Amino acid sequence: EAPGTEQELTDGFHLVIDALKLNGINTIYNVPGIPITDLGRMAQAAGIRVISFRHEQNAGYAAGIAGYLTKKPGVCLTVSAPGFLNGLTALAHATTNCYPMILVSGSSEREIVDLQQGDYEEMDQLAIAKPLCKAAYRVLHAQDIGIGFARAIRAAVSGRPGGVYLDLPAKLFGQVMNAEAGQKSLVKVIDAAPAQLPSPASIKRALDVLKGAKRPLIILGKGAAYAQADEEIKNFVEKSGVPFLPMSMAKGLLPDTHPQCAGAARSTVLKDSDVVMLIGARLNWLLSHGKGKSWGEAPKQFIQVDIEPKEMDSNVEIVAPVVGDIGSVVSAFNQAMGSSWTAPPSDWTKAISTKREENVAKMAPKLMNNKSPMDYHGALGVLKNVIKEYPEAILVNEGANTLDLARGVIDMYRPRKRLDVGTWGVMGIGMGQAIAAALETGHPVLAVEGDSAFGFSGMEVETICRYNLPICVVIFNNDGIYRGTDVNGANDDPATTVFVKGARYDKMMEAFGGVGINATSPDELKRAVNDAMKSGKPTLINAVIDPAAGSESGRIGNLNPQSVLQKK
Ligand code: OXT
Ligand code: ADP
Ligand code: MG
């Protein structure tokens with residue numbers, strides 16, 4: 001270049017950062033390394049919050065749940081091949097759960113990868129990611145970074161949200177271009193998740209079916225929580241007078257203590273309802289595919305509200321499909337219902353309250369038991385009261401018995417406060433989700449973890465301490481998976497489902513400067529959790545649970561295949 005004609009330059013690193021900032025993405029969940037270490041440093045210097053994890057899967061689960069909580073794509077940044085693969089489970093999980101997320105991964109050079117010449121961490125990442133996410137893109141030229149991010153953001157949040165893969169080869173970061181042209185190449189995505197209005201005919205059809213019901217039921221799923229149409233949904237449910245059943249992560253959309261909540265009468269409402277309106281919930285395994293024993297004998301009509309047209313008739317006939325975004329659909333319902341809507345017959349609502357009161361009364365004494373070592377109910381009785389006292393706190397929950405019993409016992413009062421294993425029932429979401437929940441919401445987090453579940457992401461307690469996050473992890477330590485009592489009759493190896501007996505997970509937290517407590521009774525547990533909620537200090541409580549207290553696979557033992565040959 002001739003002297004005196006130097007132009008201002010930018011490069012791939014800076015264009016990536018500028019593209020994120022322009023689109024209001026202010027947090028990156030990552031694990032550094034070649035070729036993205038400097039990208040993280042520069043992003044941090046440019047005011048983006050860069051949260052470094054110990055394993056990419058946890059960073060990915062953090063990004064996914066950040067997307068669920070904010071309706072903006074959560075961004076996870078990983079290194080090539082192994083880092084990418086570690087993040088990929090979380091990307092697939094986000095897609096399965098309809099969480100908007102972008103996995104941005106550095107990759108090695110196309111020329112070498114495509115000839116399979118053995119580059120550093122060589123892998124054809126784009127091809128591998130494609131079947132596991134909603135969309136996958138690669139950017140080869142600095143001037144395409146803006147478009148690449150725009151496509152990724154739009155794909156993640158529009159329609160049914162999901163995971164998107166964005167492949168950035170190492171060479172891209174160092175490519176330079178004219179700074180002004182670079183700025184012009186960036187795209188601020190306009191109306192990334194456009195409203196999708198339902199057709200008036202579908203609204204009328206749905207309300208007509210609901211009106212004709214003698215025993216109606218509304219099932220709220222995590223799509224309804226994601227939609228952030230909390231007031232509209234509450235108005236609709238209350239105006240209709242129809243009992244509602246919240247799916248696990250929809251708990252708290254309306255309080256579990258709401259008079260119309262049928263959570264504690266689940267079997268009854270599934271069996272005996274005649275019309276079921278699904279709002280942001282799929283008829284997958286969690287709802288026994290809408291058929292079979294748990295749905296009873298009586299004929300049933302389904303109404304389904306979903307943004308994804310292909311979801312209709314996926315398992316059973318949907319007599320009134322309503323395709324649209326939940327906010328628009330529910331407000332259309334509210335308008336079309338007018339001021340006079342007849343509540344469902346009172347014999348139906350009374351039958352439900354009776355069942356509900358029965359179940360609640362059956363559970364109440366179990367929650368008071370003060371045994372040591374604790375059983376699940378004794379320990380959960382304490383945690384139920386903690387969430388009642390701190391309804392703003394976010395509950396993260398995984399395990400088998402620890403998951404299923406906590407779901408039933410702990411009432412939720414506010415939307416999007418319960419974050420759990422989701423559609424796959426996956427272990428390992430715990431610490432990643434807890435960290436993102438604390439960072440994205442600023443509220444304290446209570447993570448209730450089976451000892452096995454915790455093990456999948458346990459190293460992130462260091463991350464919790466490093467960022468000094470208000471997270472209280474309670475480990476239900478029953479010495480194993482489902483139970484700690486299995487024995488191996490064949491040789492000296494431990495049984496396949498048990499861990500070191502009497503392990504002290506609290507010491508792990510102390511190793512990094514957090515508070516570690518060993519709690520052997522409900523009273524000790526109560527004191528420790530209350531201290532943690534008050535202080536906001538990173539805390540891990542090893543709650544000693546009777547190893548014999550759990551049951552195989554919690555509440556889904558029926559899904560285990562049986563051997564005809566095995567002698568019992
Ligand atoms: O109406 P009825 O009478 O039927 O009563 C119902 C409600 O009405 C009533 N109820 C109430 N009563 C009173 N008061 C209140 N408030 C109340 N609320 C409800 O209670 C009953 C039950 O209600 P519920 O729970 O709503 O209904 P139900 O029938 O259970 O619902 C069905 C389902 C399917 C919707 C529900 O069960 C559900 O959502 N289940 C999710 C299950 C799940 O996802 N489990 C996780 C996977 S298990 C297994 O795969 C595990 N693994 C393997 C593995 C995994 N998962 N991932 C990876 C990456 N690798 C491996 C492993 C390793 S679990 C696991 C570790 C386990 O060990 P841990 O140490 O972590 O945990 P522990 O078991 O504690 O040791
Ligand atoms: P749950 O596990 O709670 O039953 P699912 O994950 O099975 O919930 O279902 C969530 C559903 O919500 C998905 O089918 C998804 O397409 C839908 N969904 C997500 N966001 C919206 C939205 N804003 N409007 C309408 N439907 C949505
Ligand atoms: Mg356990």
Side-chain angles (χ1 to χ4, degrees), residues 71 89 96-99 159-162 193 195-196 219-229 245-251 256-257 261-271 278-288 294 304-308 310-311 314 322-329 355-356 358-364 367 376 384 398-411 420-430 449-456 475-484 497 499 545 547 549-556 559:
K71 294 183 98 174
T89 308
T96 298
N97 283 278
C98 318
Y99 303 156
R160 170 183 279 176
Q196 285 184 223
I219 298 184
L220 299 170
K222 61 179 169 309
Y226 173 80
Q228 297 195 15
L245 178 69
M247 298 300 287
S248 186
M249 283 176 55
K251 277 166 68 86
D256 284 329
T257 49
C261 181
R266 187 177 195 271
S267 303
T268 304
V269 290
L270 293 189
K271 266 200 193 76
L278 300 151
I279 305 182
R282 286 171 285 188
L283 277 178
N284 57 15
W285 72 279
L286 290 155
L287 285 169
S288 313
S294 43
Q304 183 158 26
V305 177
D306 206 288
I307 201 157
E308 174 58 63
K310 290 203 298 286
E311 190 55 40
S314 62
V322 188
V323 176
D325 74 277
I326 287 167
S328 301
V329 170
K355 178 67 192 178
R356 168 182 160 158
E358 236 173 72
N359 272 349
V360 170
K362 223 189 304 170
M363 189 190 279
L367 302 178
Y376 286 92
K384 179 188 176 92
E398 60 177 335
N401 294 282
T402 305
L403 174 85
D404 289 339
L405 295 170
R407 181 181 59 248
V409 170
I410 303 179
D411 288 329
D420 65 29
V421 297
T423 304
W424 271 346
V426 66
M427 300 296 112
I429 47 79
E449 302 269 316
D451 51 339
S452 164
F454 172 73
F456 288 71
I475 296 183
F476 277 32
N477 186 359
N478 65 344
D479 295 343
I481 298 178
Y482 313 140
R483 271 188 305 259
T497 55
F499 299 144
I545 302 287
S551 57
E552 179 92 2
S553 301
R555 296 223 7 121
I556 56 172
L559 299 181

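Just the heavy atoms: all of them, side chains too, but no hydrogens, waters or symmetry mates, feed the values below. Note that the structure is a prediction, hence the values are computed from the model and not measured. As the structure lists them, so they are numbered: ligands from 1, and atoms in each ligand from 1.
- Not one N or O on the side chain of Glu311 forms a donor-acceptor pair closer than 3.5 Å with the backbone of Arg282.
- Residue contacts with ligand 1 leave out Phe476, since none of its heavy atoms falls under 4.0 Å from the ligand.
- Between Gly221, Pro246, Gly280, it is Gly280 that holds the heavy atom closest to atom 9 (O) of ligand 2.
- By the 4.0 Å heavy-atom criterion, Phe456 is counted among the residues contacting ligand 1.
- For ligand 2, the polar-atom distance check finds an N/O of Lys222 within less than 3.5 Å of one of the ligand's N/O atoms.
- Between the Asn97 side chain and the Tyr99 main chain, no donor and acceptor come within less than 3.5 Å of each other.
- Looking only at distances, no side-chain donor or acceptor of Glu552 sits under 3.5 Å from a matching main-chain atom of Tyr482.
- Contact analysis puts Tyr376 in contact with ligand 1, with a non-hydrogen atom separation below 4.0 angstrom.
- In terms of protein heavy-atom proximity, atom 22 (C) of ligand 2 is nearest to Ile326 N, 4.0 Å.
- Contact annotation for Asn284 and ligand 2: only side-chain heavy atoms (C-beta onward) come within less than 4.0 Å of the ligand.
- The closest approach between Gly455 and ligand 1 stays at or above 4.0 Å for every heavy atom of the residue.
- Within the listing of ligand 2, atoms 3 (O), 4 (O) sit less than 4.0 angstrom from a heavy atom of Met247.
- Atom 18 (N) of ligand 2 has Gly223 CA, 3.9 Å as its closest protein atom, hydrogens excluded (heavy atom only).
- An N or O contact shorter than 3.5 Å links Asp306 to ligand 2 by distance.
- Each of the following atoms of ligand 2 lies closer than 4.0 Å to a heavy atom of Cys98: 13 (C), 15 (C).
- Contact atoms of ligand 1 toward Asn359: 1 (O), 2 (P), 3 (O), 5 (O), 8 (O), 12 (N), 13 (C) (distance under 4.0 Å to a heavy atom of the residue).
- Residue Ala265 places a heavy atom less than 4.0 Å from ligand 1.
- For the pair Ala227 and ligand 2, the shortest N or O to N or O distance does not fall below 3.5 Å.
- The shortest N or O to N or O distance between Tyr226 and ligand 2 is not under 3.5 Å.
- Ligand 1 lies nowhere less than 4.0 angstrom from a heavy atom belonging to Ser248.
- Without hydrogens or angle criteria, Asp451 side chain to Asp479 main chain gives a donor-acceptor distance under 3.5 Å.
- In summary, the side chains of Lys222 and Thr423 do present a donor paired with an acceptor at a separation below 3.5 Å, with no hydrogens or angles considered.
- Both the backbone and the side chain of Ala281 come within contact range of ligand 2, each with a heavy atom under 4.0 Å.
- The protein heavy atom nearest to atom 26 (N) of ligand 2 is Ile307 N, 3.1 Å.
- Side-chain atoms of Asn359 come within 3.5 Å of backbone atoms of Ala264 as a donor-acceptor pair (strictly under, hydrogens ignored).
- Contact atoms of ligand 1 toward Val421: 44 (O) (distance under 4.0 Å to a heavy atom of the residue).
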